[in-house]
J.: 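There's a structure below that I have some questions on.
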Amino acid sequence: MSKTFYLTTPIFYVNGAPHLGHAYTSVAADVLARFKRLDGFDVFFLTGTDEHGQKVEAAARAAGVEPQAFTDRVAADFADMARRMKISNDDFIRTTEARHKRACQAIWQKLMAAGAIYLGEYAGWYAVRDEAFYDEDELIAGKDGAKLAPTGAPVEWVVEPSYFFKLSAYQDKLLALYEEHPGFIAPAAKRNEVLAFVKSGLRDLSVSRTSFSWGIPVPGDPEHVMYVWLDALVNYLTAVGYPDEGDEKFRFWPADLHLVGKEIVRFHAVYWPAFLIAAGLPVPKKVFSHGWWTVEGEKMSKSLGNFIDPRPLVDEFGVDALRFFLLREVPFGGDGDFSRKALISRLNVELANDLGNLAQRTLSFIAKNADGVVPARGRLHEADLALLGMAGGLAEKVREAMERLAFNEALEEIWKVIRAANGYIDHQAPWALRKTDIERMNTVLRVLVETIRTIGFLLQPFMPGAMENLLTQVGVPAAARHFSDLETTLVDGAGLPAPSGVFPRYVEAA
RNA sequence: GGCGGCGUAGCUCAGCGGUAGAGCAGGGGAAUCAUAAUCCCUUGGUCGGUGGUUCAAAUCCGCCCGUCGCUACCA
């Protein structure tokens, strides 16, 4: 039985359309999921949509449709985006599904039974205009001394019944968790923030609402719906069959990795493990926070209206190039800037010139001068051994970087070999050997083919379509593309298909 | 205000105690198998400022400046 690997994207909130940020999280998770599958893991990869809450209820009303119809439409749009980005998720969960309602109510009852939830009163300064509560010390003074929200909205003292989760009781257990598993929150900067937050003291968390109804009813008290974050986080359990711990999918629990945007770290690194500990369930192994994209130097925002839909970019540049760009351009965990210019530059320089041209010059040379078959190799020279050595050690280097979610480092390692291969072909000059030493020429070509093959294997998770094409061109059978097949070499004299460019250069229309 | 990150070549960044590095951009040359792609050489930096520790500091410590983030219940 192979080792399991369970990873998730956040479930995306359906009060707006999918944009580049959603695509980014999904692509990163997908690359890792594909990598782990190729590396022999039994992978469960989950994504989906978060569909409850006041904002969705309001958005549906604004659109003039029932919440369910509204969420059906937006959820379908997210699923479409995932498909277009070639996301290989094993399941797509929606929080409005019956299986999820059942899981949420089950965990609620478990938390109640454990004494972790109690009925109390939520009191605070509420601004109707902002639909939000504010702390006393956040308030500002108005003209006549009236209390105002920081946004300038009038506030009133409101008391309403609410169920609370005893978050304060889990402070020490959380700190112990972070202490014992230093890798639980990554990158380290986020870990520090969470640590500081928890150390500063935790208050109990209001986990039910009575002010709106678009949510999962609290068992035994239907006036209340569950707080959307409790609802949302439980999706990770729902998908593996909770509360049926005997479900065949439940073997994936606990999750190996929750990939999240930096704005929701706290929910995943504080509330979620606290809920799980209280419910007597194992906690996930890692929460990794990635950064945000600006677009042409500006923050994506509603007011600027510059949200980017990734799908037109897929149409224009190809899904592989876009996926590559997102993980290549910036260290995972940090923020990045998306610009047409940078995308085109990566596409032309690294994909077309470096890799595409390397494959093309090698394969078309073989087609013209080596009978279009896998060339046999003779005695190896030092330069051959150097390049083969680099290629041979590549899988381990890439695996190590992927383990740290250092996607751009993994790609950099691969590109070092690509650059070395371009240097190698220039120095060995098979076009000169063609006239003087055919055996040596064949050896050089074979070394190149083997190197390209290794590169193709390792790039599969990043650019599945293009690498499927490339691996076919270097003669790797479709059924032999797991990383364990890397050790199997190509067969001398096996026919190769006619080569065709893998990454065409992008020429900006005049 | 408190806590934390960052500030290194024109740009994006790596290095984190032992004579300043990569990619891109710029300059020169070579080659011509290839998607006019490639390869080689090369210009370029008082490593934010300042004081200290050390035989030796981008690299450790203090202070200052700039910048970004966190500092709970919309998600």
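Quantities reported herein were computed from a predicted structural model and do not represent experimental measurements. All chains are named by letter (A, B, ...) in the order of the sequence lines, taking the proteins before the strands, and each is independently numbered beginning at 1. Just the heavy atoms: all of them, side chains too, but no hydrogens, waters or symmetry mates, feed the values below.
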J.: Establish, for the pair A:Arg266 and A:Phe197, whether the NZ or CZ atom is under 6.0 angstrom from the six-membered ring centre and no further than 45 degrees off its axis.
T.: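 Yes, A:Arg266 lies over the aromatic ring of A:Phe197.
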J.: In whole Å, measure the gap between the C1' atoms of B:rG27 and B:rC13 for me.
T.: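 23 Å, rounded to whole Å.
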J.: Counting side-chain heavy atoms from CB outward, which of B:rC33, B:rU35, B:rU38 is closest to A:Gln360?
T.: B:rU35
J.: To the nearest angstrom, how far is A:Tyr424 atom OH from B:rC33 atom P?
T.: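 My rounded result for the distance is 18 Å.
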J.: Using purine N1 to pyrimidine N3 plus N6-O4 or O6-N4 for Watson-Crick, or N1-O2 and O6-N3 for G-U wobble, both under 3.5 Å, which nucleotide pairs with B:rA75?
T.: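 Because no pair has both required distances under 3.5 Å, B:rA75 counts as unpaired.
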J.: Verify the neighbour count for atom CD of A:Glu179: are there more than 12 heavy atoms of other residues, nucleotides or ligands below 6.0 Å?
T.: no
J.: From the list B:rG69, B:rA34, B:rA75, which nucleotide is the closest neighbour of the side chain of A:Lys190?
T.: B:rG69
J.: Salt bridge between A:Asp50 and A:Arg94, side-chain N to carboxylate O under 4.0 Å?
T.: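 The answer is no: the pair does not qualify as a salt bridge.
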J.: Contact class for A:Leu167 vs. all strands (heavy atom < 4.0 Å): base, sugar-phosphate, or nothing?
T.: base
J.: Looking at A:Arg505, does any N or O in its side chain come under 4.0 Å of the phosphate oxygens OP1/OP2 on B:rA37?
T.: yes
J.: Between A:His19 and A:His22, what is the ring plane arrangement, given parallel below 30°, perpendicular above 60°, and tilted in between?
T.: tilted
J.: In terms of side-chain geometry, is the basic nitrogen of A:Glu413 or A:Lys416 positioned less than 4.0 Å from the acidic oxygen of its partner?
T.: yes
J.: Between A:Asp335 and A:Trp292, is there a donor-acceptor pair closer than 3.5 Å when you use the side chain of the first and the backbone of the second?
T.: yes
J.: Is there a Watson-Crick or G-U wobble partner for B:rU38 with both distances under 3.5 Å, and if so, which one is it?
T.: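 B:rA30 is the nucleotide pairing with B:rU38.
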J.: What do you reckon, do A:Phe365 and the base of B:rC33 stack, with centroid distance below 5.5 Å and planes below 30°?
T.: no
J.: Name the closest nucleotide to the A:Lys55 side chain, picking from B:rA37, B:rC74, B:rC33.
T.: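 My answer, after comparing the listed nucleotides, is B:rC74.
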J.: How many Å lie between CG on A:Asp335 and C1' on B:rU67, as a whole number?
T.: 13 Å
J.: How are the rings of A:Trp293 and A:Tyr24 set relative to one another: parallel (under 30°), tilted (30 to 60°) or perpendicular (over 60°)?
T.: perpendicular
J.: Both distances under 3.5 Å, Watson-Crick or G-U wobble: report the partner of B:rC6, or none.
T.: B:rG66
J.: Output yes when at least one side-chain N/O atom of A:Lys416 is less than 4.0 Å from OP1 or OP2 of B:rA22, else no.
T.: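 So the side chain of A:Lys416 is outside the cut-off, no N or O lying under 4.0 Å from OP1 or OP2 of B:rA22.
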J.: Using whole Å, what does the distance between atom C1' of nucleotide B:rU12 and atom CZ of A:Phe325 come to?
T.: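 To the nearest whole Å, that distance equals 11 Å.
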J.: Identify, residue by residue, the members of residues 197-213 of chain A with a heavy atom below 4.0 Å from RNA chain B, and return them in order of residue number, or none.
T.: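 Listed by number, they are A:Phe197, A:Gly201, A:Leu202, A:Arg203, A:Leu205, A:Ser206, A:Arg209.
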J.: Checking contacts here: which listed nucleotide (B:rA72, B:rG69, B:rU35) is nearest the side-chain heavy atoms of A:Glu193?
T.: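 My answer, after comparing the listed nucleotides, is B:rG69.
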J.: Counting side-chain heavy atoms from CB outward, which of B:rC33, B:rC40, B:rA75 is closest to A:Trp431?
T.: B:rC33
J.: Look at the aromatic rings of A:Phe288 and A:Phe332 and report parallel, tilted or perpendicular, splitting at 30° and 60°.
T.: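 Taking A:Phe332 first and then A:Phe288, their aromatic rings lie parallel (interplane angle under 30°).
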J.: Which is true for A:Asn369 with a 4.0 Å heavy-atom rule: it touches a base, it touches only sugar-phosphate, or it touches nothing?
T.: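 No contact at all - A:Asn369 keeps every heavy atom at 4.0 Å or more from the nucleic acid.
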J.: Could you tell me whether the phosphate oxygens of B:rU35, OP1 or OP2, come under 4.0 Å of any side-chain nitrogen or oxygen in A:Asn348?
T.: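 Looking at the OP1 and OP2 atoms of B:rU35, neither is under 4.0 Å from any side-chain N or O of A:Asn348.
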J.: Using heavy-atom distances to pick each residue's nearest nucleotide on RNA chain B, tell me which of A:Val330 and A:Ile425 is more 5'.
T.: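 The residue mapped nearer the 5' terminus is A:Val330.
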J.: In whole angstrom, give the distance that lies between atom CG of A:Leu358 and atom C1' of B:rA36.
T.: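 The answer, rounded to whole Å, is 17 Å.
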J.: Say we look at B:rU50 and B:rG26: how far apart would their C1' atoms be, to the nearest angstrom?
T.: 34 Å
J.: List the residues meeting side-chain contact (heavy atoms from CB on, under 4.5 Å) with A:Val225, not counting sequence neighbours, and say none if there are none.
T.: A:Arg209, A:Phe212
J.: Of A:Ala352 and A:Arg266, whose nearest nucleotide on RNA chain B comes first from the 5' end?
T.: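 With A:Ala352 and A:Arg266 compared, the 5'-side residue is A:Ala352.
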J.: Check whether the side chain of A:Asn357 and the base of B:rA34 form a donor-acceptor pair under 3.5 Å.
T.: yes
J.: Choosing from B:rC33, B:rC24, B:rA75, which nucleotide comes nearest the side chain of A:Tyr227?
T.: B:rA75
J.: Which of the following nucleotides, B:rC73, B:rC33, B:rG4, is nearest to the side chain of A:Tyr122?
T.: B:rC73
J.: Say we look at B:rU53 and B:rG15: how far apart would their P atoms be, to the nearest angstrom?
T.: 28 Å
J.: Let me know the distance between CZ of A:Arg346 and P of B:rU12, rounded to the nearest Å.
T.: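 For the pair A:Arg346 CZ and B:rU12 P, the rounded distance is 13 Å.
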J.: Hey, is B:rA31 sitting syn or anti, using the within-90° cutoff around 0?
T.: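 With its glycosidic angle more than 90° from zero, B:rA31 counts as anti.
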J.: Nearest whole Å is fine: how far is B:rC24 P from A:Lys341 NZ?
T.: 15 Å
